[in-house]
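One-based numbering, in listed order, for ligands and for the atoms of each.
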Amino acid sequence: MKNNLVLLLSVLCFSFSALNASAVSHSAPPKWKVLIIDGQNNHKWAITTPIMKGYLEETGLFMVDVLTTPPKDSSLDQFMPSFKGYDVILSNYNGKSWPRQTELALEKFVAKGGGLVIIHAADNSFPYWKAYNEMIGLGGWEKRTEKDGPYVYYNEKDELIRDNSPGPGGHHGTQHEFVIKTRIEEHPIMKGLPMEWLHTKDELYDLMRGPAINMNILATAYSSKDQKGTGRHEPSVLTLNYGKGKIFHNMMGHEDYSMHCVGFITLLQRGTEWVASGKVTQEVPSNFPTKEKSSSRQPQK
Ligand SMILES: [Zn+2]
């Protein structure tokens, strides 16, 4: 009888502490503060910002604020936000230049150790801002040419090529589902992901150019000539360092349906954690796409 009582008590104690531990982890406040900047973009920023905010917040790791710039036809002279208190700035912005003071504030934020996340057309922005192009590594459109840096890609023999030949920067073929291929398997953002997986319908950016310094190509996508592409393995997921700061640059994310890809969501969540902390604590979801089958979902309510 006494032994049974001891057993019962220890089971109860164990259950209580297990319950308590899970309650603590769920009620812990988010660790990282993220600021999404939008307001101008030739894409549907008013739809895609809440989608990304939702996917970040559902991890429990991030608290996300949104900063919307004045619209395209207004002056941005007074756009001088403070980045103080944030761990990560996420740009969903592709529009008019910012005041020099604001550019310098972002440069300082990243150089001192802040995280920056660049999604899709945010890498079209600011062609004349030198530090921004160093932070994103590769950019496109907005009259980018050989003056902005080389084309960077893997050729058919899987050799990494830096190509200084003249020509415009930034192009994409028709939208389609395409395979993302991991290039740096051991990077915390990529660890545990399949080496190849099928992304949902999106634009596959190619012919991107830029300074491409302090840059790692985590993944590429093959830009097929059948889809009016280049026939090259084009960089699609990058990380960079700028001063003490980290940058995660994902060229995917043209439309809402591109962002509902479980692969895109996983990269967004992991990339944002990595730029904030240098680590990734999130598991790979069980419904991650395979090479043959893409996988989509909606944000958790
Ligand atoms: Zn696009």
If you draw the axis of the six-membered ring of [Y], does the NZ or CZ of [X] fall within 45° of it and under 6.0 Å from the ring centre?
X    : Y    : result
R183 : Y154 : yes
K291 : W197 : no
R162 : Y153 : no

For the Zn ion (ligand 1), report each protein N, O or S atom nearer than 2.8 Å, sorted by chain and then by residue number.
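Metal shell, protein only: H43 NE2, H120 NE2, E203 OE1, H254 ND1.
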
Criterion salt bridge (charged side-chain N to carboxylate O under 4.0 Å, His left out) on R100 and E107, from CA distance to verdict
CA-CA 10 Å; R100 186 62 190 141; E107 290 176 24; 3.4 Å; yes

Using a distance-only test with no angle check, is there a side-chain donor-acceptor pair under 3.5 angstrom linking Q227 and Y222?
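The criterion, which ignores hydrogens and geometry beyond distance, is not satisfied for Y222 and Q227.
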
Are K44 and E255 ion-paired here, with the side-chain N under 4.0 Å from a carboxylate O?
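Looking at E255 together with K44, the answer is yes, because their closest N to O distance falls below 4.0 Å.
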
